[in-house]
Amino acid sequence: MITATHYLILSLMMFSLGLIGVMVRRNFITVLMSLELIFNAVNLNLIAFSFRLGDLSGQILAIFVITVAAAEAAIGLGLIIALTRIKDTVILDDANEMRS
Amino acid sequence: MSFYDLIWLVPLFPLAGAIINGLVTHQMGLKKSVANTIALLGSGLAWIWAWAAVLQWYFTEAHTVSYVVKVYSWISGGDLPLLSGGTAPLEIAASFQLDPISAVMVCFVTFVGFLIHLYSVGYMHGESDKAYSRYFSYLNLFMFSMLTLVLGSNLLVLFVGWEGVGLCSYLLIGFYYEKDWCAAAGMKAFIFNRIGDFGFLLAIFFTFGWFGTLEFSKLFALLSQHHGDALVGSATIIGILLFVGAIGKSAQIPLFVWLPDAMAGPTPVSALIHAATMVTAGVYMVARCNFFYQLSPEAMLIVGIIGGVTAVFAATIGLVQNDIKKVLAYSTVSQLGYMFLAVGAGAYIVAIFHVVTHAFFKACLFLGSGSVIHACGGEQDMRKMGGLKKYMPKTYWTFLIATIAIAGIPPLAGFISKDAILAKVFEGGYTNLNQFGNVYYLLWILGLGGAFLTAFYMFRLVYMTFFGEFRGGEEAEHHLHESPWTMTLPLQVLAFLSVVGGVLIGFPGILFHKENWNFIEGFMGPMILGANGHGAEHAGGHAVSFGLEWALVFLSVAIAAAGIVLAYRWYKKDPEFSAPRALAERFPFAYKLLLNKYWVDELYDATIIRGTVALARFFWEFDARVVDGAVNGTRHATVASSFVSGVFDLKVIDGIVNLIATINQTASRYFRRLQVGFTQGYAMVMVFGAALLLAVFFISF
Amino acid sequence: MDFLVSHFAEILFYILAALAVLGSIGVITLKNPVHAALSLLGTFFIVAVLFVLQHAEFLAAVQVMVYAGGIMVLFLFVIMLVSVKGLKTQAAFLSPLIPVAVIGAILVGALIASAVLLGVFATGNAGPEALQMVDGEILGNTEAVGMVLYTKYLVPFEVVSVVLLVAMIGAIVFGRKDRFIGEHEGEVGS
């Protein structure tokens, strides 16, 4: 019997991996991909609870999360374009100007 | 449409002219023809409209009562407590009034005003375009103010016009403002008027304070109901204060000195403002407010005495003046004295009558003198004139007629009005008016003396100017010429009126048992409050017997003739003027006294002006020592206290501020290490923060 | 075989879960961004299948279309567009941070997992019917989601559309070419 708990554990693992990706990758694009992983983990969680509780609201919330994720991707990728224009790099720590 | 319902248009026409000339013609520097067309339109339309309105009113309305046209409600201020107890609503309207007095005044003011506008067209032609339009703008503004004064239905509207004519007088006396003495003369006139206005304003306040209204008709009704009671005291105060205003405006003793100086303005201005209209505003106002004087014998007596004394006083100065306009100026002061003498004797109608006739002949004289001055190239000294008769016949004839009129030869206008005054004053003495009979006898004698002097100095003027040989030198003689028609036409019209005006307006019917032929007495009678309290009564009774009246007439004619004969013998027969010269040498003090106008100006200079200066100096000293000392003391105190507060500021306040800054600085020295701009470092901190939160959640769960 | 049949759902779930975790690991470990993106694509598909298993058929379709079809393509476009020179030569990871990051993630994960395993969240499913039922009527999942979305959640739906609009404008503004050339430089008449 696969319960919501299984899904939660899976979601947790994806979430943690996404978190690690965000923290350790230097490439901005990959950081954004890791963020997408985190969103997916959250969606999985929502769906699992939706099924578990028999409530459609979870699915609706997942739709909203997908929307926000799309917006985030658009903005983030726009930022990448802008970053390469002024800095000629996609490496996050290269864009840091505060240290110099 | 009725003209008299739109009576407020009469002052508005010249106002429009003044505005257009002042703001458009003057600013744009348009040609003279534009300026004088506008000005003549302004005054001419006012003239036509005024006459139309008065005639229509006379033949359609009940013209024994005042007809008030309210234009708008001017001041509306709720109930005010009165001095006499009770309250009255402060409701003052900008309204105009047609009644016999204002009708007479408005007719002659617009008419004479128009004539003088016409005269000015020629007279001022030598000015620059700008000065020309400025002149006509002022002149039209004067017409507006004068008509407002005359037509106003309450004291406040009258006062507006009163101030307006004062302003225009100032502007026009100082017309040649580049010359210092002209500007100073304007200022002098303004200041002397202001002293009078002070009294007038007080009178207005008191009037409202006691009676709760400023409307003439209401005051008339109010005062005719309460006769012989406590109102006499307030009527006396108001009457005297009003007369103070009239003294300033009409140049009576002791405020007369501005009028001779006012001759600094252009001659038509002297004719219009300082002879015909503005200076008679005082007489008009006193006659208009006759209800106060009728209740107060004392106020009446004061008016009469001042008038009588001024009449003689000014005439004596006029005897020895050599400036043609100065003679006329003192003559004006003297004639104004006659008018007040009439008012003082309770003969308001006669006073107004004399205002009108005086306007005719004095305007004619002034305009004639302007014509003479114009011909002599600006020369005003009679000793440098002479023999002008053959060069300017029209001017000569009109001038002579006006002179005969003022001298008092029947049946010219001046004789009729002046004789009426003298008769009334004599009647005052004869009937022991207000128990002051002896004083009125004395005033009558003064009046007779004045008449003699008037005849003398006026004919002296004529003989010195028009007869004998020209004394102004070859050069000036070539330039002598008759003036253009715009200047002579007004002269002729005014001379004609000087002849017939008296008979037409105020036929001395009492001498021929035809009292009802005297138009002006019958017309204006209802406007005068009866001495015993109830108004509307035919004034001139049969107090003096028929024979005595005629005797008085012959007496005054004889006195005038004596003056003329004396002038003839001294100034016509003897081209060297040796007799008056000898007289002057024998009585040098008296001569100097007259020549220097009794040193009144010097007296004022020594007392009031120096006093004022000394007072100002005292206050300046006070200011410099005490006030400045106090200010400086304050300064020292401020410096000391600000030093203390400065130390406090520097040490304590700044110390606190610096302490806070130091704390912040020190803290930020360490905390800023955290802000390295390392994005993923932030993410990591976030993750550990979340972990921490979760841990806390667990522990507390 | 019986075991396989009777435990098909479990087996399927575990396989899919393993694949999903593997995909996720691929995303964060592969040095080449293109490879990482393809790994992420795989993960998205797996998650879509998991959605189906949880009776969220509509959402699975959306997942495939929006994530795999939209966002993924966007990522790949950007990767192609940027194509920064020498990208591969640089280190892909912040090496010194890896242990710390792993510890942090595991810490968070462990804390949440312990909460789950300690029974904070109960187990058991309500069944698929509830996800198809609106007002007591059995519909398809898509229809049910539509009904709820356009009635109960209409206002949030509209708000979210505004969020999308704002994001679109923001992306356009960031992506404009002349934005960083310099203020007004190159404009005529300024």
key: Proximity breakdown for Thr29(C) and chain A, heavy-atom pairs closer than 4.5 Å   = backbone
request  = Kindly indicate whether the side chain of Gln59(A), heavy atoms from C-beta on, has any atom under 4.5 Å from the side chain of Asn141(C).
outcome  = yes
remark   = Interface check, chain A: of Ile172(C), Leu107(C), Val21(C), Val163(C), most non-hydrogen pairs under 4.5 Å belong to Val21(C)
Part of Met33(A) within contact of chain C (heavy atom distance under 4.5 Å) = both
ask   = Heavy-atom distance under 4.5 Å between the side chains of Leu53(C) and Phe51(A), does that happen here?
value = no
remark   = The interface call for Val102(C) against chain A, heavy-atom contacts under 4.5 Å, is both
key: Proximity breakdown for Leu16(C) and chain A, heavy-atom pairs closer than 4.5 Å   = neither
query = Do you know the tightest heavy-atom contact between Ile28(C) and Leu17(A)?
reply = CG2-O, 3.5 Å
inquiry  = I need the Leu164(C) CG to Thr67(A) OG1 distance, nearest 0.5 Å.
reply    = 6.0 Å
key: Ile63(A)/Val145(C) under side chain to side chain contact (heavy atoms under 4.5 Å, CB included): CA gap, chis, key distance, verdict   = CA-CA 10 Å; Ile63(A) 289 174; Val145(C) 168; 3.7 Å; yes
request  = Indicate the atoms forming the closest heavy-atom contact of Ala70(A) with Ile71(C), along with that distance.
outcome  = CA-CD1, 3.8 Å
request  = Side chain from CB out, backbone as N, CA, C, O: work out which of these in Tyr67(C) comes under 4.5 Å of a heavy atom of chain A, or both, or neither.
outcome  = side chain
request  = Output the distance between atom CG (Leu56(A)) and atom CZ (Phe58(C)), rounded to the nearest 0.5 Å.
outcome  = 11.0 Å
task = For chain A, find which of Gly104(C), Pro156(C), Ala20(C) contributes the most heavy-atom pairs closer than 4.5 angstrom.
result = Pro156(C)
query = For chain C, which of Val68(A), Leu44(A), Thr30(A) has the most heavy-atom pairs under 4.5 Å?
reply = Leu44(A)
ask   = Could you give the distance from CE (Met14(A)) to OG1 (Thr43(C)), rounded to the nearest 0.5 Å?
value = 6.0 Å
Which atom of Ala171(C) lies closest to which atom of Ile75(A), heavy atoms considered = N-CD1, 4.0 Å
inquiry  = Test of understanding: with ring-ring contact (aromatic ring centres under 6.0 Å, His included), list the residues that count as partners of Phe13(C), not counting sequence neighbours.
reply    = His6(A), Tyr7(A)
remark   = So, the part of Ile47(A) with a heavy atom under 4.5 Å from chain C: the answer is both
request  = Could you pull out the closest heavy-atom pair between Leu12(A) and Gly109(C), with the gap in Å?
outcome  = CD2-O, 3.0 Å
message = If you count heavy-atom pairs within less than 4.5 Å of chain C, which of Ile80(A), Leu10(A), Leu32(A) leads?
response = Leu10(A)
ask   = Which pair of heavy atoms, one from Asn40(A) and one from Gln63(C), lies closest together, and at what distance?
value = OD1-NE2, 2.5 Å
remark   = Turns out that what part of Ala37(C) lies under 4.5 Å from chain A's heavy atoms comes down to both
query = Would you say Phe174(C) and Leu83(A) make side-chain contact, with heavy atoms under 4.5 Å?
reply = no
ask   = Which answer fits Ile25(C), side chain, backbone, both or neither, if we ask what part of it has an atom under 4.5 Å from a heavy atom of chain A?
value = both
request  = Nearest 0.5 Å please: distance from the CD1 atom of Ile20(A) over to the CD1 atom of Ile106(C).
outcome  = 6.0 Å
message = Are Ile60(A) and Phe157(C) packed together at the side-chain level, in the sense that at least one heavy-atom pair is separated by less than 4.5 angstrom?
response = no
inquiry  = Restricting to non-hydrogen atoms, name the atom on Gln54(C) and the atom on Ala48(A) that form the minimum distance, rounded to 0.1 Å.
reply    = OE1-CA, 3.5 Å
key: Ala69(A) versus chain C, the contacting section by heavy-atom distance below 4.5 Å   = both
inquiry  = Counting only heavy atoms from other residues, nucleotides and ligands, does the tally under 6.0 Å from CE of Met13(A) exceed 12?
reply    = no
query = Which residue out of Val22(A), Asn43(A), Leu19(A), Val31(A) racks up the most heavy-atom pairs below 4.5 Å with chain C?
reply = Asn43(A)
